[in-house]
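Data block below; observations after.
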Amino acid sequence: MLVLGVDAKTVAFRPTERPGEELQKLSYDYLVLAMGAHLAYDRIEGFAAHGHTVSDLFHGQRLREPLFEGGYKGGPDTIGSARFHQGDGAEGLQPYPGGSIPYAKAACEGPVREMTTVMASYLKMEANSSPSRITVFTPEESIAADAGENNIKAS
Amino acid sequence: MADGMGIHYRNKMADIKRLTKDGIEFADGQSIEAELKLVLPDWIAHDCLRDLPIADSAGFIKTDLLMRALGHPEIFVLGDCAAVTVPKIGGIGHQEAEIVGRQVALDMGRMDADEANEPLQPVVFCIGDMGEGKAYYVRSNAWFGGKDEVLKMGRIPYQLKMSYRNLFFMTHSKVRGFGLSLAQFAALKVF
Ligand SMILES: Cc1cc2nc3c(=O)[nH]c(=O)nc-3n(C[C@H](O)[C@H](O)[C@H](O)COP(=O)(O)OP(=O)(O)OC[C@H]3O[C@@H](n4cnc5c(N)ncnc54)[C@H](O)[C@@H]3O)c2cc1C
């Protein structure tokens, strides 16, 4: 989809089976928007040359290369989230009595937590190294902010 | 957990300024030396949504808790493009998709309002691999004002993670809601 006209109730889109396809228009009575977000690696200077991630197969494969095909020197390594710049669109919503939708400083820290625990195990078991070679970082006060305060303490 | 394993930890970090061969530089002048730089980026709104009248100050779409766009009840929004989806996790997107399904059924006269108008109560649900056949299981709504905070670690959460993975491939990524209920039952009642 390229253009959404919310008042005209139309969407303009381009079929993507072959390059060069023409613009098409559809009108709708109902519309479900489920387009996800733009994961902005393209805004991190130096990411293409020096960064790694696990968001897709391409990057997963790229990370395997130094680890499994040679070249990895055993760290130090760092794992973390860039800052998320949340908008004001959930202001005033109260999902639980007295609650709210918080302002998050990291969009999704599950993968950071998981990469950290897996990397720690990898260093210990496979790379003859140590989890102490890892620095994990977060823009939040605490890395598992969304897991709840008691869970953070318990972990 | 990180402390116990000897992992170093830096919080309240500024925006990433750049990655270099030697590490990460942050906007406030701090840096971290690293060979491997494993990074998750900023999640930003798609260009074709950001300037719509239904978008918020960052381009995510504003909705109520029944996932209807503000001022445009004929537009449903779910998942990462919705402003209410915080953090941006698939588990919450899934909860929102069920609400959208019920709202569509309501409008089609296939469900009554009592059943359909159950608003979003987000729950963070996460099962993470820890290596060595172990995993952690987190289910919490405390960040949003709820009372649930469950954390389990060990071999059974790992089995849940592997079962989820198998279900993911078996259903071509269209994992049914019962998968989460089953995981919750196993995590809370079985161990
Ligand atoms: C590494 C990583 C690990 C994660 N782990 C977890 C986890 O353990 N648990 C969890 O709950 N969440 C996790 N998440 C988050 C989860 O993946 C997302 O929240 C979820 O995929 C969002 O679902 P969505 O349907 O909103 O968007 P997406 O899954 O991004 O789907 C959006 C779809 O819309 C399409 N699209 C985009 N723009 C257009 C357009 N203009 N026209 C037509 N189509 C378009 C895209 O191609 C895509 O198919 C993780 C994320 C990452 C990156």
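Only this structure's heavy atoms are used, side chains among them; waters, hydrogens and symmetry mates stay out. A, B, ... follow the sequence lines: proteins, then strands. Residue 1 opens every chain.
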With a 4.5 angstrom heavy-atom cut-off, is it the side chain or the backbone of [X] that approaches chain A, or both, or neither?
| X | result |
| --- | --- |
| B/Thr85 | neither |
| B/Pro119 | neither |
| B/Asn141 | both |
| B/Ile54 | side chain |
| B/Ala34 | both |
| B/Ile61 | side chain |
| B/Val77 | both |
| B/Ile16 | side chain |
| B/Lys17 | backbone |

[X] versus [Y], closest heavy-atom pair with distance:
| X | Y | answer |
| --- | --- | --- |
| B/Ile7 | A/Ala120 | CD1-CB, 4.0 Å |
| B/Cys81 | A/Gly36 | CB-O, 3.1 Å |
| B/Gly131 | A/Ser121 | CA-OG, 3.6 Å |
| B/Pro87 | A/Ala107 | CB-O, 3.3 Å |

Handout entry: Whether A/Phe84 and B/Phe60 hold their rings parallel, tilted or perpendicular, with breakpoints at 30° and 60°
Key = perpendicular
Exercise for the section: Taking the six-membered ring for Trp and the full ring for Phe, Tyr or His, determine whether the centres of B/Phe26 and A/Phe137 are under 6.0 Å apart. Expected result: yes
Cluster check [X], [Y]: I/L/V/M/F/W/Y, side chain < 4.5 angstrom:
| X | Y | answer |
| --- | --- | --- |
| B/Val123 | B/Phe144 | yes |
| B/Leu106 | B/Ile99 | no |
| B/Leu151 | B/Met130 | yes |
| A/Val118 | A/Leu63 | no |
| B/Phe169 | B/Tyr164 | yes |

Sub-3.5 Å donor-acceptor pair from the side chain of [X] to the main-chain atoms of [Y], do we have one?
| X | Y | result |
| --- | --- | --- |
| A/His38 | B/Trp43 | no |
| B/Asn11 | A/Ser142 | no |
| B/Arg10 | A/Pro139 | no |
| A/Thr53 | B/Leu38 | no |
| B/Glu35 | A/Lys73 | yes |

Exercise for the section: Could you tell me whether the side chains of B/Asp15 and A/His85 share a donor-acceptor contact shorter than 3.5 Å? Expected result: yes
Of all of [options], which one pairs up most often with chain A through heavy atoms under 4.5 Å apart?
| options | result |
| --- | --- |
| B/Pro122, B/Gly128, B/Ala135, B/Ala55 | B/Pro122 |
| B/Val138, B/Ile32, B/Ile127, B/Val39 | B/Val39 |
| B/Lys37, B/Glu96, B/Met67, B/His72 | B/Lys37 |
| B/Arg18, B/Glu25, B/Lys21, B/Gln121 | B/Gln121 |
| B/Leu36, B/Asp47, B/Asp80, B/Thr63 | B/Leu36 |
| B/Ile75, B/Ile89, B/Val124 | B/Ile75 |

Do [X] and [Y] sit within salt-bridge range, that is, some charged N less than 4.0 Å from a carboxylate O?
| X | Y | answer |
| --- | --- | --- |
| B/Lys12 | A/Glu141 | yes |
| B/Glu132 | A/Lys124 | yes |
| A/Glu114 | B/Lys161 | yes |

Heavy-atom pairs under 4.5 Å with chain B - which of [options] has more of them than the others?
| options | value |
| --- | --- |
| A/Gly110, A/Gly51, A/Ser55, A/Ser100 | A/Ser100 |
| A/Ile101, A/Asp88, A/Asp42 | A/Asp88 |
| A/Leu4, A/Val112, A/Leu33 | A/Leu33 |
| A/Ile44, A/Ile79, A/Leu39 | A/Leu39 |
| A/Gly98, A/Ala106, A/Ser81 | A/Ser81 |
| A/Leu93, A/Val54, A/Val6 | A/Val6 |

Portion of [X] that has a non-hydrogen atom of chain B nearer than 4.5 angstrom:
| X | result |
| --- | --- |
| A/Gln86 | both |
| A/Ala104 | both |
| A/Tyr28 | side chain |
| A/Met119 | side chain |
| A/Met35 | both |
| A/Asp29 | backbone |

Problem - B/Met108 and A/Tyr30: CA distance, side-chain angles, deciding distance, side-chain contact (heavy atoms from CB on, under 4.5 Å) verdict - result: CA-CA 11 Å; B/Met108 301 296 132; A/Tyr30 284 95; 3.8 Å; yes
[X] atom [atom1]: more than 12 heavy-atom contacts under 6.0 Å:
| X | atom1 | result |
| --- | --- | --- |
| A/Phe68 | CZ | yes |
| A/Arg62 | CZ | yes |
| A/Glu22 | CD | yes |
| A/Asn128 | CG | no |
| A/Leu57 | CG | no |
| B/Glu33 | CD | no |

Exercise for the section: Report yes if the side chains of A/Tyr41 and B/Leu40 come closer than 4.5 Å at any heavy-atom pair, otherwise no. Expected result: yes
Handout entry: Worked check of side-chain contact (heavy atoms from CB on, under 4.5 Å) between B/Tyr9 and A/Thr135
Key = CA-CA 6 Å; B/Tyr9 181 48; A/Thr135 299; over 6 Å; no
Exercise for the section: Decide side-chain contact (heavy atoms from CB on, under 4.5 Å) for A/Thr78 and B/Ile24; before the verdict, give the C-alpha distance in whole Å, the side-chain angles of both, and the deciding distance to 0.1 Å. Expected result: CA-CA 8 Å; A/Thr78 191; B/Ile24 302 186; 3.6 Å; yes
